[in-house]
Undergrad: 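Just passing along the structure, written as structure tokens.
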Amino acid sequence: MGSAHFGMIGLGTMGRNFLLNIAEHGIAGVGYDLDTAKRALLLSEGKDLPLETAESMEEFVKKIEKPRSIFLLVPAGPIVDAVVTELLPFVDEDDLIIDGGNSHFTDTERRLADLETKKVGFMGVGVSGGEAGARHGASIMPGGKREYYDRVEKTLQAVSAKVDGEPCVAYMGSGSAGHFVKMVHNGIEYGLMQIIAETYDYMKRVLNMDDDAMSATFAEWNSKELNSFLVEITATVLAKKDDDTGKPLVEMILDTAGQKGTGVWTSQAAMDFGIPVPTIDDAVSMRQISAQKANRATIAAKYPKRPSPGGKAAGLEDLRNGLFCAFIIVYAQGMSLLQAASKEKDYGLNLSDISMIWRGGCIIRSALLEEMRAAFAADKDLVNLLLDKKFAEVLGQHNDALRKTVISFIQNGLPAMCFSSVLAYFDAFREERLPANLIQAQRDFFGAHTYQRIDKEGIFHTSDWAGGAPPPIHKGSGESPI
């Protein structure tokens with residue numbers, strides 16, 4: 001029997017630091033990577049820790065005590081399948097393979113079903129916090145069979161972030177729950193990052209603040225109700241000077257944002273479940289627009305900036321309160337998706353636990369999560385945070401600031417896709433009657449799709465919307481207006 005309690009495949013930045021974290025808690029580990037330099041770096045950095053490496057997959061598996069727990073931190077997609085395939089000849093029944101990468105939840109479901117037939121355990125585990133989280137404490141989102149989580153619970157608790165002594169790890173639920181929760185976490189991350197970017201743009205171009213002033217403002221906001229990882233690092237980023245030019249480094253960075261797909265996955269899943277997450281959708285769209293740098297330059301030349309129509313600009317207080325409202329609404333969208341998916345897929349998610357483990361070690365860490373934890377503890381079936389009394393009070397008090405901010409964006413010709421979408425989402429949900437009645441009438445007109453009435457039960461269809469005349473669907477619209 002092997003002497004290592006835990007195995008790690010993939011000794012890149014995340015895998016190496018996660019395994020060092022494990023070993024630092026006295027848990028013996030073994031690492032494997034095809035790259036000999038990465039194996040050597042692990043041994044060098046962990047020279048005084050209970051760590052070893054292996055030169056082959058077979059040797060690696062033999063060094064782990066049974067029943068084996070093998071963690072994969074390799075790029076999502078075909079590489080995960082390739083590693084699992086390479087592992088299978090050497091593992092035994094009831095050994096546990098854990099995918100800790102950003103795998104799509106449907107891939108996790110496929111792998112679960114496949115390995116179930118081979119009687120090999122499998123878990124999909126979301127890990128947030130990047131390199132620092134892996135090394136010093138991450139937010140960890142495990143999903144799969146409860147019995148498998150119980151096997152690795154103490155190890156995951158040891159290496160997770162801690163907030164008020166509580167480990168930022170909890171059992172998410174059955175099946176692909178862990179990777180689904182991590183996906184939505186990343187979708188929320190997209191929304192928050194774009195909202196902050198729009199705030200920065202407004203500070204710079206409307207309030208004419210320099211980077212040092214913006215940095216100081218974000219730092220001040222981080223000390224109060226907007227306390228969060230993303231606001232904190234924004235203050236740090238804006239203060240950084242470029243070694244080559246002496247200018248703020250952020251101003252020297254090309255304005256094209258990358259993405260790895262998890263935001264798109266969140267939008268796609270939300271569409272499938274019928275849950276609106278417009279701010280996450282728009283954050284993805286803004287990254288896509290940013291990537292079209294050449295097109296933007298050409299279009300910008302055709303539409304020169306004109307003086308704004310004027311009007312009083314929203315000041316810093318309105319901007320801060322608007323940002324606070326926007327943060328709440330982005331979280332509300334993500335949480336409503338988790339709630340709906342849990343019921344549809346029978347995950348058994350506990351949104352209070354999810355709020356708890358997101359309080360530390362992860363990218364969307366925020367002081368707001370403690371209030372969310374309390375809200376979902378009080379009502380585990382809460383379908384939308386807008387219904388919670390405390391959040392309703394905050395939004396009721398500050399939504400005028402959000403509105404003033406959006407108006408000022410528009411008047412100054414600045415793109416505010418995500419700020420606008422959080423306001424539209426809020427306004428739509430607080431409107432008892434929406435104009436969807438007209439859409440239903442149109443659908444019945446051209447497609448006999450039927451409708452319901454407000455004054456009687458049943459399904460209705462009107463066959464003579466045009467008073468007996470056929471709809472002019474084949475008739476041209478006349479001369480072009482251009």
Side-chain angles (χ1 to χ4, degrees), residues 188-211 213-215 217-218 220-221 225-226 228 230-231 234-235 237-238 250-251 253 255-257 263 276-293 295-297 299-300 302-333 394-431:
I188 293 171
E189 178 185 309
Y190 272 59
L192 297 179
M193 291 178 74
Q194 180 60 32
I195 287 286
I196 292 172
E198 291 174 3
T199 302
Y200 151 79
D201 200 28
Y202 185 90
M203 286 177 168
K204 185 177 181 64
R205 297 208 274 170
V206 177
L207 300 181
N208 297 312
M209 298 171 67
D210 63 26
D211 291 76
M214 289 187 283
S215 173
T217 299
F218 277 107
E220 180 189 357
W221 289 356
E225 66 271 15
L226 280 164
S228 61
L230 287 170
V231 171
T234 300
V237 165
L238 289 170
V250 71
E251 307 303 340
I253 297 175
D255 59 324
T256 57
V277 292
T279 310
I280 296 171
D281 299 338
D282 289 341
V284 172
S285 293
M286 283 304 297
R287 292 200 190 189
Q288 293 167 337
I289 291 172
S290 81
Q292 297 191 27
K293 178 71 174 178
N295 284 344
R296 286 192 286 122
I299 293 170
K302 291 183 179 293
Y303 298 94
K305 285 282 185 180
R306 296 180 180 180
S308 67
K312 185 178 180 182
L316 275 178
E317 184 176 358
D318 282 333
L319 186 61
R320 181 196 69 203
N321 289 331
L323 180 61
F324 190 42
C325 290
F327 264 43
I328 292 170
I329 293 169
V330 173
Y331 278 109
Q333 292 174 26
V394 172
L395 293 171
Q397 181 180 357
H398 294 306
N399 76 85
D400 280 348
L402 174 61
R403 196 173 307 280
K404 288 178 186 176
T405 300
V406 172
I407 290 170
S408 193
F409 266 105
I410 294 168
Q411 287 180 331
N412 285 279
L414 292 188
M417 194 173 283
C418 284
F419 257 111
S420 299
S421 73
V422 294
L423 178 60
Y425 180 91
F426 175 72
D427 283 343
F429 267 105
R430 71 190 187 117
E431 191 64 52

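In this text the structure is predicted, and so the values were computed from the model without any measurement.
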Undergrad: Restricting to side chain to side chain donor-acceptor pair (under 3.5 Å), what partner residues turn up for T405, sequence neighbours left out?
TA: none
Undergrad: How many angstroms lie between atom OG of S420 and atom CG of D282, to the nearest 0.5 angstrom?
TA: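 If I round to the nearest 0.5 Å, the distance is 8.5 Å.
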Undergrad: Applying side-chain contact (heavy atoms from CB on, under 4.5 Å), name anything that partners N399, two or more places apart in sequence or on another chain.
TA: R403, F426, R430
Undergrad: Determine whether M417 and I289 satisfy the following criterion, side-chain contact (heavy atoms from CB on, under 4.5 Å), listing intermediate values before the conclusion.
TA: CA-CA 11 Å; M417 194 173 283; I289 291 172; 4.1 Å; yes
Undergrad: Taking all heavy atoms of C418 and all of S421, pick out the closest pair and write down the distance.
TA: O-OG, 3.0 Å
Undergrad: List in chain and number order the residues that pass side-chain contact (heavy atoms from CB on, under 4.5 Å) with A424, two or more places apart in sequence or in another chain; answer none if no residue qualifies.
TA: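 So A424 forms no side-chain contact (heavy atoms from CB on, under 4.5 Å) with any residue.
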Undergrad: Checking Y425 now: which residues fulfil ring-ring contact (aromatic ring centres under 6.0 Å, His included) with it, not counting sequence neighbours?
TA: F429
Undergrad: How would you list all residue pairs meeting salt bridge (charged side-chain N to carboxylate O under 4.0 Å, His left out) that involve residues 412-421, not counting sequence neighbours?
TA: none
Undergrad: side-chain contact (heavy atoms from CB on, under 4.5 Å) with E317: which residues, sequence neighbours excluded?
TA: R320, N321
Undergrad: Could you pull out all residues at least two apart from D201 that satisfy side chain to side chain donor-acceptor pair (under 3.5 Å)?
TA: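 In terms of side chain to side chain donor-acceptor pair (under 3.5 Å), with neighbours along the sequence ignored, D201 is linked to R205.
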Undergrad: Mind checking ring-ring contact (aromatic ring centres under 6.0 Å, His included) for F409 and listing every partner two or more places apart, or none if nothing turns up?
TA: Y202, F419
Undergrad: Say whether, by atom type as modelled, one donor and one acceptor occur between the side chain of S215 and the main chain of A235 under 3.5 angstrom.
TA: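 Yes; judged by distance alone, with no hydrogens or angles, the pair exists.
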Undergrad: Quick check: closest heavy atoms across S290 and A257, and the distance to 0.1 Å?
TA: OG-N, 2.9 Å
Undergrad: Under the side chain to side chain donor-acceptor pair (under 3.5 Å) rule, collect the residues that match up with Q397, sequence neighbours excluded.
TA: none
Undergrad: Enter the distance from R287:CZ to T256:OG1 here, rounded to the nearest 0.5 Å.
TA: 11.5 Å
Undergrad: Nearest 0.5 Å, please: how far is CZ in F327 from CG in L226?
TA: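 Reported to 0.5 Å precision, the distance equals 6.0 Å.
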Undergrad: Quick check for you: to the nearest 0.5 Å, what is the distance between D210 atom CG and E251 atom CD?
TA: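 Going from CG on D210 over to CD on E251, the span is 10.0 Å.
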Undergrad: In Å, rounded to the nearest 0.5 Å, how long is the span from CD1 of I188 to CG of L230?
TA: 11.5 Å
Undergrad: So, for L402 and C325, which heavy atoms are closest and what is the spacing to 0.1 Å?
TA: CD2-CB, 4.1 Å
Undergrad: For Q194, check side chain to side chain donor-acceptor pair (under 3.5 Å) against everything at least two apart and list the hits.
TA: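 Scan of Q194 (side chain to side chain donor-acceptor pair (under 3.5 Å), adjacent residues dropped) gives E198.
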Undergrad: Answer whether the closest heavy-atom distance between the side chains of T234 and L238 falls below 4.5 Å.
TA: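 Yes, close enough: below the 4.5 Å cut-off.
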Undergrad: For T217 and M209, which heavy atoms make the closest approach, and how far apart are they?
TA: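 Scanning both residues completely, I find the closest heavy atoms to be OG1-CE, 3.3 Å.
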Undergrad: Below 4.5 Å, heavy atoms only, C-beta onward: do M286 and M193 meet side chain to side chain?
TA: no
Undergrad: Report the distance from atom CE of M203 to atom CG of D211, rounding to the nearest 0.5 Å.
TA: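 Reported to 0.5 Å precision, the distance equals 11.0 Å.
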Undergrad: Applying ring-ring contact (aromatic ring centres under 6.0 Å, His included), name anything that partners F218, two or more places apart in sequence or on another chain.
TA: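 By the ring-ring contact (aromatic ring centres under 6.0 Å, His included) rule, F218 matches W221.
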Undergrad: Under the side-chain contact (heavy atoms from CB on, under 4.5 Å) rule, collect the residues that match up with D255, sequence neighbours excluded.
TA: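 Per chain and number, D255 pairs via side-chain contact (heavy atoms from CB on, under 4.5 Å) with K293, R296.
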Undergrad: Closer than 3.5 angstrom, by distance alone: can the side chain of T279 be matched with the main-chain N or O of G191 as a donor-acceptor pair?
TA: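 No, T279 side chain to G191 backbone: no donor-acceptor pair under 3.5 Å.
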